[in-house]
Amino acid sequence: YIELAARDAAIADELISRLLVWGSLCSVAGCLLATLISNRFGLARPLLMALLAMTAIVGMLHGGIDTPKLIISMLSFNLLWIFIDVYQMAFVANADHSGAFASLIPCAQGLGQIVGPNAAASILGNSLGYGNVFLMCALFALSGVLTYLAVYLRLRRILPALADAS
């Protein structure tokens with residue numbers, strides 16, 4: 001929805017197109033950077049920081065889109081999305097060596113890919129605007145923060161080495 005919201009905010013199509021390309025390249029850089037960060041800081045803390053950053057960046061769009069916000073959000077979104085994907089898979093795989101929970105992540109992501117766009121379409125269909133779509137996204141990211149924070153805090157209490165594994 002960022003492309004549609006940017007067009008709705010009268011941002012030049014050429015800038016939007018370039019940012020989409022550069023945002024995709026940020027995904028590649030994100031993979032490399034995520035590895036370096038996890039080697040130094042483990043998985044859980046970078047996951048929580050990436051989710052918090054995603055919450056702030058998507059939430060920033062709630063107040064409207066302009067060129068600086070678009071640049072920041074589009075370049076950082078793909079970078080952070082990769083961080084979150086890499087860290088959550090590795091964090092869950094470390095916490096559950098059977099693989100049972102890790103195998104559920106694609107299912108949960110698929111469910112999110114069904115529910116999220118439908119919820120966004122309902123928001124837009126009710127003329128509530130793109131700002132509320134981004135607010136919904138920020139709230140979902142915040143719920144991810146709270147979920148992983150609860151797991152991390154519990155693991156720190158019962159298995160501290162696992163909580164901070166890399």
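Across every non-hydrogen atom of A120 and M136, the tightest pair is N-CE, 4.0 Å. Closest of all the heavy-atom pairs between V92 and A102 is CG1-N, 3.5 Å. Taking all atoms of both residues into account, the shortest heavy-atom contact from F83 to G30 is CE1-O, 3.3 Å. Shortest non-hydrogen contact noted between L79 and C26 is CD1-O, 3.6 Å. When every heavy atom of V58 is checked against every heavy atom of A138, the shortest pair comes out as CG1-N, 3.8 Å. The two residues N78 and S27 make their nearest non-hydrogen contact at CB-OG, 3.3 Å.
Atom OH of Y1 has more than 12 neighbouring heavy atoms from other residues, nucleotides or ligands inside a 6.0 Å radius. Within a 6.0 Å sphere centred on CZ of R18, other residues, nucleotides and ligands contribute 12 heavy atoms or fewer.
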Discussion item. For I37 and M49: C-alpha separation, side-chain torsions, deciding distance, then whether side chain to side chain contact (heavy atoms under 4.5 Å, CB included) applies.
Written reply: CA-CA 11 Å; I37 290 172; M49 300 282 55; over 6 Å; no
Item to complete: Would you sort out whether V151 and L155 count as a side chain to side chain contact (heavy atoms under 4.5 Å, CB included), showing the intermediate values?
Response: CA-CA 6 Å; V151 171; L155 278 176; 4.2 Å; yes
Discussion item. Is there a side chain to side chain contact (heavy atoms under 4.5 Å, CB included) between Y87 and I82? Walk through the geometry before answering.
Written reply: CA-CA 8 Å; Y87 294 144; I82 290 298; over 6 Å; no
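For the atom pair CE (M89) and CD1 (I84), the distance works out to 14.0 Å, reported to the nearest 0.5 Å. A distance of 10.5 Å separates CD in Q88 from OG1 in T147, rounded to the nearest 0.5 Å. Atoms CG and CG, from L19 and L75 in turn, are 5.5 Å apart once rounded to the nearest 0.5 Å. Atoms CG and SG, on L61 and C137 in that order, are 9.0 Å from each other to the nearest 0.5 Å. Taken to the nearest 0.5 Å, the CG atom of L80 stands 11.0 Å off from the OG atom of S73. Note that the CG atom of L142 and the CG atom of L146 stand 4.5 Å from one another [nearest 0.5 Å].
Put simply, the residue from D66, I72, I71 that forms a side chain to side chain contact (heavy atoms under 4.5 Å, CB included) with K69 is D66.
Annotation: side chain of F77 is not in contact with side chain of I2 (no heavy-atom distance under 4.5 Å).
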